[in-house]
Number of protein chains: 2
Amino acid sequence: MNRDSRLSGVLHVLLHMADQNSPVTSEALARMMRTNPVVIRRIMSGLRDQGYVRSEKGHGGGWTLARDLADITLRDIYDGIGSPALFAIGHRSEAPGCVVEQAVNAALDGSLREAQTLLLASFETVTLAALSADFRERLARRAPIQPGEPTCVD
Amino acid sequence: MNRDSRLSGVLHVLLHMADQNSPVTSEALARMMRTNPVVIRRIMSGLRDQGYVRSEKGHGGGWTLARDLADITLRDIYDGIGSPALFAIGHRSEAPGCVVEQAVNAALDGSLREAQTLLLASFETVTLAALSADFRERLARRAPIQPGEPTCVD
DNA sequence: ATTCATGTAACTCCATATGTTGCATGATAT
DNA sequence: ATATCATGCAACATATGGAGTTACATGAAT
């Protein structure tokens with residue numbers, strides 16, 4: 001997986017899970033994502049603790065969605081994975097002694113805070129159901145699909 | 001210097017340069033930023049090529065601003081250092097074969113593009129002159145300063 | 001009991017940013 | 001002229017963090 005792609009990766013996993021009616025194993029998800037099962041468990045553990053997904057051990061075990069897709073927004077998932085830093089640019093130091101630095105921080109903070117507010121609000125307007133619908137539409141436009149045919153080659 | 005702090009660092013350097021009426025050496029700037037002179041030269045080379053600053057060799061050499069502070073915005077500097085990635089979250093892959101991934105990318109792209117537009121527009125409204133004025137105001141509020149006294153301990 | 005699946009800690013691997021060294025180039029001072 | 005000062009730049013070293021991997025424990029279904 002690329003760098004800084006946890007949110008993207010988790011969304012990918014969740015949508016694939018939504019497409020199944022039985023639990024999906026970490027191994028199966030890992031194959032889809034071209035990564036390691038442990039990585040899947042790692043990025044899903046937060047979402048499990050927050051009640052978005054369930055995991056079960058043993059035969060027939062694996063991961064299942066714990067909520068309706070319509071009740072989960074991108075914002076929920078973003079928070080669920082621990083609200084990682086949104087921006088790649090930031091401060092040199094948090095509490096600078098240098099007054100120049102204080103002025104720079106204040107200016108950047110202002111702009112970044114504004115953008116962050118907008119971005120998170122935007123995340124709140126997108127549900128996983130909407131993403132799934134978009135997915136199905138793209139699929140239909142692309143090619144007819146047979147029941148049981150895999151929808152992911154990545 | 002911290003990670004992802006080029007913009008912040010460059011702004012810091014520029015404001016300190018603005019405070020001097022003679023060229024400032026990379027070494028002096030490096031001391032202020034607690035880093036290495038070569039790092040300073042590295043992050044300044046782009047700005048020099050774009051005409052925001054000048055560098056001169058030899059005795060009395062160093063860095064000088066090539067434009068009025070009022071004519072430089074945060075956006076200019078951001079572009080000047082090469083328009084680095086703004087966001088810490090992104091795609092798993094650019095041209096995914098998986099339709100699920102395409103839908104995820106499209107959704108994230110929409111939100112991110114929106115936020116990026118706002119952020120860059122915000123950067124355009126802030127001039128270095130405004131930053132410098134803010135710096136002087138903070139300085140005055142803090143403590144009287146003697147002529148020649150250093151204004152930076154970072 | 002065996003098999004399957006997750007939970008988790010500890011480790012390796014790797015990409016990237018930063019820091020450092022060394023030397024070439026050019027400008028100024030004496 | 002020559003010594004000194006400063007940037008320009010390439011090459012290398014180091015540090016950091018994310019991703020991947022291994023190993024083993026736990027618990028559920030057959």
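Residue numbers begin at 1 in each chain, while the letters A, B, ... track the order of the sequences.
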- Message: Distance check needed: D:dA19 C1' versus A:Met33 CE, whole Å only.
- Response: 12 Å

- Query: Starting at CG of B:Leu29 and ending at P of D:dC5, how long is that distance when rounded to a whole Å?
  - Reply: 18 Å

- Output the rest of the hydrophobic cluster of A:Leu118: all Ile, Leu, Val, Met, Phe, Trp and Tyr residues reachable through side-chain heavy-atom contacts under 4.5 Å, sorted by chain and number. B:Leu118

- Item | Whole-Å distance separating the CD1 atom of A:Ile43 from the C1' atom of C:dG7 | 15 Å

- Item | Any A:Ser26 side-chain nitrogen or oxygen under 4.0 Å from OP1 or OP2 of C:dT6 | yes

- Quick one: salt bridge (charged side-chain N to carboxylate O under 4.0 Å, His left out) partners of A:Asp109, sequence neighbours excluded? none

- Measure the distance from CH2 on A:Trp63 to P on C:dT6 and round it to the nearest whole Å. 7 Å

- Protein-to-nucleotide contact annotation, 5' to 3' order, nucleotides 21-30 of chain C [B base; S sugar-phosphate only; - none; under 4.0 Å, heavy atom]: B---BBBB--

- Task: Determine: side-chain N/O of A:Ser55 to OP1/OP2 of C:dG7, distance under 4.0 Å, yes or no.
- Result: yes

- Query: Base, sugar-phosphate, or nothing for B:Arg54, non-hydrogen atoms under 4.0 angstrom?
  - Reply: nothing

- Distance test, side-chain N/O of A:Thr25 to OP1/OP2 of C:dA5, below 4.0 Å: no

- Message: Other residues, nucleotides and ligands only: do more than 12 of their heavy atoms fall within 6.0 Å of CZ on B:Arg113?
- Response: no

Scan nucleotides 13-15 of chain D against the protein and return all N/O pairs shorter than 3.5 Å with their distances rounded to 0.1 Å.
none

- Message: In whole Å, I'd like the distance from the CG atom of B:Leu7 to the C1' atom of C:dA17.
- Response: 16 Å

- Exercise: identify the closest heavy-atom pair between A:Pro37 and A:Glu27: CG-CA, 4.0 Å

- Query: OP1 or OP2 of D:dA19 sitting under 4.0 Å from any side-chain N/O of A:Arg6?
  - Reply: yes

- Item | side chain to side chain contact (heavy atoms under 4.5 Å, CB included) between A:Ile40 and A:Thr35, worked out | CA-CA 8 Å; A:Ile40 297 292; A:Thr35 184; 4.0 Å; yes

- How close do A:Ala103 and B:Arg138 get, heavy atom to heavy atom, and via which atoms? CA-NE, 3.8 Å

- Query: Could you state the CD1-P distance from B:Ile40 to C:dT20, rounded to the nearest angstrom?
  - Reply: 12 Å

- Query: Going by side-chain heavy atoms closer than 4.5 Å, which hydrophobic residues are tied to A:Val38, directly or by a chain of links?
  - Reply: none

- Task: Round to the nearest Å and state the distance from A:Arg34 atom CZ to D:dT21 atom P.
- Result: 13 Å

- Query: Looking only at heavy atoms, what is the nearest atom pair of B:Leu7 and A:Ile89, with distance?
  - Reply: CD2-CD1, 4.1 Å

- Item | B:Arg42 side chain, from C-beta outward: closest of D:dA11, C:dT6, D:dT7 | D:dA11

- Item | With sequence neighbours excluded, residues passing side chain to side chain contact (heavy atoms under 4.5 Å, CB included) with B:Gln116 | B:Leu86, B:Phe87, B:Leu120

